[in-house]
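Below: the structure, in structure tokens.
Residue numbers run from 1 in the order of the sequence given.
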Amino acid sequence: IIKVIQSERSIIETAEGVRFYLDVSGSVVEAFVRRIHDQYSNDLMNKIVIDVGASVGDTPLYFASKGATVYAFEMTKNNFEGMLENLKLNPELAEKITPVHCAVGKDEEITYSQDSRELVSACGGSSFITNKYGKNAVVQKVQGMTIKTILNKYNLSSVHLLKLDCKGCEFFLTKEDIENIK
């Protein structure tokens with residue numbers, strides 16, 4: 001299902017040929033082995049996906065491999081940089097992905113806390129709703145955007161799929177935000 005390519009920096013490759021650096025592989029197993037997104041992603045050819053909480057690019061690359069055009073939002077700097085690295089490994093799919101270093105929820109600068117580990121992974125996390133990491137949390141700031149702002153900025157009249165893995169940003173969605181989400 002997944003093979004490991006040993007080189008200067010180890011790479012894993014999915015059965016579909018999508019590659020990730022092993023040290024920034026995020027939840028590749030969820031998307032490409034356990035296939036948790038298959039139930040709603042069978043017909044993404046030429047569709048628009050907004051991926052909120054895009055992590056290191058695992059789900060944007062998954063959706064792009066299904067034919068979607070993906071707007072990939074990630075608020076944590078380390079994960080965003082990992083996504084850019086993984087997109088470089090997959091240049092054809094990367095053409096379908098617009099990576100954005102941004103929090104989704106509010107149109108303002110957002111302060112968030114995250115796990116003190118360098119890479120925020122499926123085991124760690126971050127949130128601008130609550131600090132669950134206590135006094136050892138790393139506090140960061142990033143620009144935020146609402147779904148309405150995203151739709152306007154990228155001139156999107158309709159979105160086929162809105163994937164949210166954002167640990168709280170869904171609390172800021174309005175009825176108007178999801179009117180154009182299929």
Taking atom [atom1] of [X] as the centre, does the number of heavy atoms from other residues, nucleotides or ligands within less than 6.0 Å exceed 12?
{"X": "E92", "atom1": "CD", "value": "no"}
{"X": "R34", "atom1": "CZ", "value": "no"}
{"X": "K148", "atom1": "NZ", "value": "no"}

- Step by step, would you call L156 with Y71 a side chain to side chain contact (heavy atoms under 4.5 Å, CB included)? CA-CA 10 Å; L156 303 173; Y71 295 84; 3.7 Å; yes
Measure the [atom1]-[atom2] distance between [X] and [Y] for me, rounded to the nearest 0.5 Å.
{"X": "S41", "Y": "R35", "atom1": "OG", "atom2": "CZ", "result": "8.0 Å"}
{"X": "I48", "Y": "L162", "atom1": "CD1", "atom2": "CG", "result": "13.0 Å"}
{"X": "K96", "Y": "L44", "atom1": "NZ", "atom2": "CG", "result": "10.0 Å"}
{"X": "Q143", "Y": "I110", "atom1": "CD", "atom2": "CD1", "result": "7.5 Å"}
{"X": "L173", "Y": "I178", "atom1": "CG", "atom2": "CD1", "result": "6.5 Å"}

- Message: We want to know whether T174 and E176 form a side-chain donor-acceptor pair, criterion being a heavy-atom distance below 3.5 angstrom.
- Response: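 On atom types as modelled, these side chains do not qualify, holding no pair under 3.5 Å.
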- Task: Using only heavy-atom distances, determine whether the side chains of T76 and E74 contain a donor-acceptor pair under 3.5 Å.
- Result: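 Note: T76 and E74 side chains meet the donor-acceptor criterion.
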Backbone of [Y] reached by a side-chain donor or acceptor of [X] within 3.5 Å:
{"X": "N46", "Y": "G67", "value": "no"}
{"X": "D107", "Y": "T146", "value": "yes"}
{"X": "D165", "Y": "G53", "value": "no"}
{"X": "N90", "Y": "V18", "value": "no"}

Compare every heavy atom of [Y] with every heavy atom of [X], then report the nearest pair and how far apart it is.
{"X": "D43", "Y": "H160", "result": "O-NE2, 3.8 Å"}
{"X": "V49", "Y": "A68", "result": "CG2-CB, 3.7 Å"}
{"X": "M145", "Y": "C102", "result": "CE-SG, 3.6 Å"}

- In sequence, state the C-alpha distance, the side-chain angles, and the governing distance for L93 and V70, and then conclude on side chain to side chain contact (heavy atoms under 4.5 Å, CB included). CA-CA 10 Å; L93 293 176; V70 184; over 6 Å; no
- Message: For a side chain to side chain contact (heavy atoms under 4.5 Å, CB included) check, start with the C-alpha distance between D23 and R9, then their side-chain angles and the critical distance, and finish with the verdict.
- Response: CA-CA 8 Å; D23 58 337; R9 188 169 172 201; 3.2 Å; yes
- Task: Would you kindly confirm whether Y62 and Y40 end up in one hydrophobic cluster when ILVMFWY residues are joined by side chain heavy atoms under 4.5 Å apart?
- Result: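 Looking at the clustering, Y40 is in the same group as Y62.
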- Under 4.5 Å between side-chain heavy atoms, hopping through other hydrophobics if needed: is there a path connecting I50 to I36? no
- Can you label the angle between the F73 ring and the Y154 ring as parallel, tilted or perpendicular, going by 30° and 60°?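 Answer is perpendicular, since the angle exceeds 60°.
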- Message: Less than 4.5 Å apart, side chain to side chain, heavy atoms only: is that true for F172 and V104?
- Response: no
